[in-house]
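See structure below.
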Amino acid sequence: VNQQELLEKIKEAVMEGDDDLAVEAAGQALQSGIPALSILNDGLMAGADVVGKKFETGEYFLPQLMLTGRAIKAAMAVIEPDLKSGLAGAQAAEAGVVVLATVQTDIHDIGKNIVGSMLTASGFVVFDLGVDVPIKTIIAKAQEVKADIIGCSALLTTSMPFMRDLVDLLGAMGQRQAFKVMVGGASVTPEFSERIGADGTAPNAVQAVQLARRLVSQRRAEAGGVA
Ligand code: B1M
């Protein structure tokens, strides 16, 4: 079987919501030398996209969405160690403090969890508040732990406006400069991030780590060049 076929097999396992097959195919793909990030992006997320579209058009229903979620989670357990070790140089010094949450009304957490675990593997201290978290709770935690970054995830377009509300609320509290705000999730685009006044977004967990590193250096430079 060639690598393209293996990625296709992963995609199909996700589409069928078959967690055993997803685990088996992810393992085979790793063994054949496919990078973990490609398994995530071109296999798991590609399959999720197809299921999402079929759900939208009424061809699939909620149970299929749930099985797909389960299959992605199962395959993630296989590729996560490789994803983490692919991250260049976990820093000895604390890379930064991140408060992470899926915003209120949204319970999707697979992507957020991957981002959280990649950040942790890269030396960040991550406070993961879970799903459906009110923006006030997120801000309060960020203040409590003196976070460098507030990271918000949302997959529902109806949840995304809460990210804008969070940025606005920080502004109203005179706290906008206190934290960098990073947003993400399947429908979040760089344009959206800019429009709501966030500090950036990333399409996947590896790029989220790179962004977080950039934001922390910016923040430390702004705070007076103390790196
Ligand atoms: Co839901 N769902 N779902 N779902 N679901 C979507 C998001 C949807 C796009 C499917 C579709 O119709 N096309 C659609 C939203 C439509 C819209 O808003 N326009 C949808 C819907 C409608 C719903 C319900 C409303 C269905 C219903 O009940 N009628 C319901 C919502 C419940 C709620 O939240 N209140 C619902 C429920 C569910 C399940 C619970 C069954 C399950 C989630 C299980 C779980 O998370 N524990 C589920 C699933 C599995 C999906 C799809 C199929 C896959 C999501 C996923 O896990 N992807 C999804 C379709 C899709 O996304 N294409 C869909 C894999 C994951 C690795 O990718 O989360 O994008 P992702 O994360 C990536 C990047 O986005 C990025 O890095 C991650 C890793 O590389 N990233 C960040 C994520 N967060 C980041 C934060 C950052 C930076 C990067 O900085 C802080």
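Side chains included, hydrogens not; waters and symmetry mates left out as well; all remaining heavy atoms used. Atoms within each ligand, like the ligands themselves, are counted from 1 in listed order.
- Remark: distances from the non-hydrogen atoms of P203 to ligand 1 include one below 4.0 Å.
- Proximity of T157 to ligand 1, defined as any heavy-atom pair under 4.0 Å, is shared by backbone and side chain alike.
- Considering backbone and side-chain N/O atoms, A205 comes within less than 3.5 Å of an N/O atom of ligand 1.
- Protein heavy atoms are absent from the 4.0 Å sphere centred on atom 8 (C) of ligand 1.
- By the definition of a contact as any protein heavy atom under 4.0 Å away, atom 16 (C) of ligand 1 is not in contact.
- Taking distance alone, with nitrogen or oxygen atoms compared against 3.5 Å, I107 approaches ligand 1 more closely than that limit.
- With no hydrogens or angles considered, a side-chain donor-acceptor pair links K9 and Q28 at under 3.5 Å.
- Heavy-atom distances between K73 and ligand 1 reach below 4.0 Å in at least one pair.
- With contacts defined as side-chain heavy-atom distances shorter than 4.5 Å, the pair V23/D20 does not qualify.
- At a threshold of 4.0 Å, the pair R219-E222 does not count as salt-bridged, since none of the basic side-chain nitrogens sits closer than that to a carboxylate oxygen.
- In terms of protein heavy-atom proximity, atom 22 (C) of ligand 1 is nearest to F55 CE2, 3.8 Å.
- For atom 39 (C) of ligand 1, no protein heavy-atom neighbour is found at a distance under 4.0 Å.
- Looking at T68 next to ligand 1, no N or O pair under 3.5 Å apart turns up.
- Looking at ligand 1, you'll find an N or O of T105 within less than 3.5 Å of one of its N or O atoms.
- Between V14 and T68, the closest heavy-atom pair is O-OG1, 2.8 Å.
- Summarising the geometry of D106 relative to H108, their closest heavy-atom pair is OD1-ND1, 2.8 Å, with the distance given to 0.1 Å.
- V99 and I149 end up in different hydrophobic clusters when Ile, Leu, Val, Met, Phe, Trp and Tyr side chains are linked at under 4.5 Å.
- A pairwise comparison of heavy atoms in T105 and L156 identifies O-CD1, 3.7 Å as the closest pair.
- Neither the backbone nor the side chain of Q207 has any atom closer than 4.0 Å to an atom of ligand 1 (non-hydrogen atoms only).
- Using a 4.5 Å cut-off on side-chain heavy atoms (C-beta onward), D199 and R176 make contact.
- When the options L155, D132, I110, L44 are ranked by their closest heavy atom to atom 69 (O) of ligand 1, first place goes to L155.
- At under 3.5 Å, not a single nitrogen or oxygen of M45, backbone or side chain, sits near a nitrogen or oxygen of ligand 1.
- Around atom 37 (C) of ligand 1, the closest heavy atom drawn from H108, M163, M118 belongs to H108.
- By the criterion of a heavy-atom distance under 4.0 Å, neither the backbone nor the side chain of S187 is placed next to ligand 1.
- Residue I114 touches ligand 1 through its side chain alone, judged by heavy-atom distances below 4.0 Å.
- Protein non-hydrogen atoms do reach within 4.0 Å of atom 33 (C) of ligand 1.
- Looking at heavy atoms from C-beta onward, L44 lies in side-chain contact with I79 at the 4.5 angstrom threshold.
- Nearest-residue assignment for atom 75 (O) of ligand 1 (options A208, G111, G185; heavy-atom criterion): G185.
- A salt bridge links K73 with D109: the closest approach of a Lys/Arg side-chain nitrogen to an acidic carboxylate oxygen falls below 4.0 angstrom.
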